[in-house]
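Below, all heavy atoms of this structure are taken into account, side chains as well, without hydrogens, waters or symmetry copies. Owing to the predicted nature of the structure, the values given are computational and were not obtained by experimental measurement. Just so it is clear: chains get the letters A, B, ... in the order the sequence lines come, proteins before strands, and each one is counted from 1.
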There are 2 protein chains.
Amino acid sequence: MDFFDEVGPAALGSRLRRLTDTMTSQAAEVYDLYHLPFEPRWFPVFCTVAQEPGRHVGDIAERIGQTHAAVSQVVKDLAKHDLVVVQRGEADQRRSVVALSEKGAALWPALQQQTADVRQATEALLAETRHNLWLAIEEMEYALSRQSLGSRVKALRDERVTDEVRLLDYTPAHQPDFKRLNVEWIERYFRVEAADLKALDYPDEYILQRGGRILLAEYGGQVVGTCALLKMDDTSYELAKMAVSPTAQGLGIGFQLGQAAITQARALGARRLYLESNTKLKPALSLYHKLGFRKTVAGQPSPYERCNIQMELLLTS
Amino acid sequence: MDFFDEVGPAALGSRLRRLTDTMTSQAAEVYDLYHLPFEPRWFPVFCTVAQEPGRHVGDIAERIGQTHAAVSQVVKDLAKHDLVVVQRGEADQRRSVVALSEKGAALWPALQQQTADVRQATEALLAETRHNLWLAIEEMEYALSRQSLGSRVKALRDERVTDEVRLLDYTPAHQPDFKRLNVEWIERYFRVEAADLKALDYPDEYILQRGGRILLAEYGGQVVGTCALLKMDDTSYELAKMAVSPTAQGLGIGFQLGQAAITQARALGARRLYLESNTKLKPALSLYHKLGFRKTVAGQPSPYERCNIQMELLLTS
DNA sequence: TTATTATTTGTAAGTACTTACATAAATACT
DNA sequence: AGTATTTATGTAAGTACTTACAAATAATAA
């Protein structure tokens, strides 16, 4: 049984390549058939030059949807076979202006005839099938230009992960995970400070007994994310100790933790949430922004060396 | 305006390649998304090995529709990344039997999850379009396996050429063309003999006045083919001087000339057509066969050195 | 058993593109 | 006018395959 039938559209790319390769080699056969000393890959460039002489490399590239590098190489090949002549641009000396040579012009009618035959054969071929490949390609290119495969897959996965992530309340048994996840990311970018260790080693004393909360996220049977609320005063809490394991990053787990923390803070009667971070941590900042946090103008001094930005979220209503 | 819209399906190959390239690069993005240290091109091989361990290189290649060389390279890569282990076959020492390594086995569940997500996203993508790309590829592969693009184009062109070829009756003005075309092919394979020159220089005396006929084929304003009937006796004619210019070969012009000659011979009252050729000339022999000629068992001596095969066609009815 | 042929694999080089980088000419900015 | 930036191009190297070739082992014929 064919591998592709089993795996299905997940291997769409591989399958497309296979068809592309057969099409390309069969196209080469067609040129042999007409005894034309011509390679299929020259076609788009040659055709453009024949129809509109005086265009330059970048211009041609844009028209046929390839890179200038590809066109440059093809033009070099065509020139080597005396099918085109290349001149410097008159007004702009950087440009390589391409035109058909005598030999190229002589070849053009035969190539046009051949193209007409190929076109007719291909159209008959397409008419033979129930699902039109040409139109299908067009639609697929459009669909992918609107939203890439990556973001489509990501959307699907995020949806699935959201269902599979469990938010846990902190128990003393979670202390090692709580410490591990935080130390992990701090060491990746900075060094662990004394203030960190106090809170990470004794969360009960330094966070919970002072009126704070700790949230954990479990995914695939493992604790992969943490987040804490530190009580500042009756209506202000600090969002801190936000950490997500690198293997689980990009799954929207930080966002879920953040949202849960905000809900929790509201329940505790908070009117304002505050946090400190570092401008180096781009993904974290964009997460905080997505949660509604905005940069504060005048900041208090921070106990952490690594912090150079402060943000807050006002919980009105 | 897009080049492909203008040129149309003639550039199907180029366009397929463009889509293949975007699909491939977007697939690579998906692997990044999952933090999998994995390249898209490994997928078919890895998947096969995971599902059915103990298969060898050639076996895998056949299953996924690629060459053994491609599989060999991918396996080498996978082994370098410790994702598979390769062992010599037990019974057959030539075989490279592939199985997942521990690291590969650990990766497999994540890859399966990812594949499921991609599959779902792709299926949604395909459902979005009116013309289903997956099915279109399938149909196109089938259509091309039944008849290649080359032979489809050839069939179309032959039809067109048949309309454009004109068969002319010989006039003395044609003698130079008649000689040129024959000398051209004889010199390509053999050397011109005295017997040739007599008939080619004085066709009137050696062919027509002895009751024979000469036919010429004109295509694109030029004489590109010749063929002659030499009278042997009242009911027997020899088909000779069959020549088609190399630039016009493969267009079915020889077949048209042959058919016209047979019709002519019938009109002259022939019951039997005879010809001499050489077994080196494969295309010519297949043409004669297609016209109905069959090899004769006992042959008369030929005046030409180059002839080592004789064929005949009996014109009953 | 030995010689020949076929099978299995690996390696090198080619294909039709791409991205990344380098260089020269043109344009914009002080 | 002189410098910085942008634009146009060419070249090199990479990609995911292919074909072509070479070498080793297995199967078959003599």
A91(A) near the nucleic acid: base, sugar-phosphate alone, or nothing, with a heavy-atom cut-off under 4.0 Å? sugar-phosphate
Got a second to check how far L135(B)'s CG is from I137(B)'s CD1, nearest 0.5 Å? 9.5 Å
When you measure from the side chain of R152(A) to the backbone N and O of Q147(A), does any donor-acceptor pair fall under 3.5 Å? yes
Reading DNA chain D from 5' onward, which residue's closest nucleotide shows up sooner: V75(A) or S14(A)? V75(A)
CD1 on I64(B) to CZ on F43(B), rounded to 0.5 Å: 10.5 Å
So, E123(A) and R119(A), do they make that salt bridge, N to O below 4.0 Å? yes
Between K76(A) and dT11(D), is there a contact of a side-chain N or O with OP1 or OP2 at under 4.0 Å? yes
Donor-acceptor contact present, side-chain R157(A) to main-chain L33(B), <3.5 Å: yes
Residue met sooner reading DNA chain C from 5', once V71(B) and D92(A) are mapped to nucleotides: V71(B)
In whole angstroms, how far is the C1' atom of dA8(D) from the CD atom of E62(A)? 13 Å
Is it the case that D82(A) and S101(A) place a side-chain donor and acceptor less than 3.5 Å from each other? no
To the nearest angstrom, the CG-C1' distance between D77(B) and dG10(C) comes to 14 Å
Residue set satisfying ring-ring contact (aromatic ring centres under 6.0 Å, His included) with H81(B), at least two apart, ordered chain then number -> W42(B)
Interatomic distance, R88(B) CZ vs dT9(C) P [rounded to whole Å]: 8 Å
Expressed as a whole number of angstroms, how long is the span from R18(B):CZ to dT18(C):P? 10 Å
What does the B/S/- profile of nucleotides 19-24 of chain D look like, 5' to 3', with a 4.0 Å heavy-atom cutoff to protein? B-----
Check: Q26(A) side chain, L149(B) main-chain N or O, donor-acceptor pair, under 3.5 Å: yes
Any protein N or O atoms within reach of nucleotides 14-16 of chain D? Criterion: under 3.5 Å, listing atom names and distances.
{"residue": "dA16(D)", "atom": "OP2", "partner": "R41(B)", "partner atom": "NH1", "Å": "2.7"}
{"residue": "dA16(D)", "atom": "O3'", "partner": "R17(A)", "partner atom": "NE", "Å": "3.4"}

Taking T20(B) for its side chain and L16(B) for its backbone only, find out whether a donor-acceptor pair lies under 3.5 Å. yes
How long is the line joining CD of E90(B) and C1' of dA26(D), in whole Å? 16 Å
Distance in angstrom units between R95(A) CZ and dG10(D) P, rounded: 13 Å
For the pair made of NE2 in H56(A) and P in dT7(D), what is the distance, rounded to whole Å? 12 Å
Which nucleotide in the list dA26(C), dG10(C), dT8(C) gets nearest to the side chain of S96(B)? dG10(C)
What integer distance in Å separates K80(B):NZ from dG10(C):C1'? 15 Å
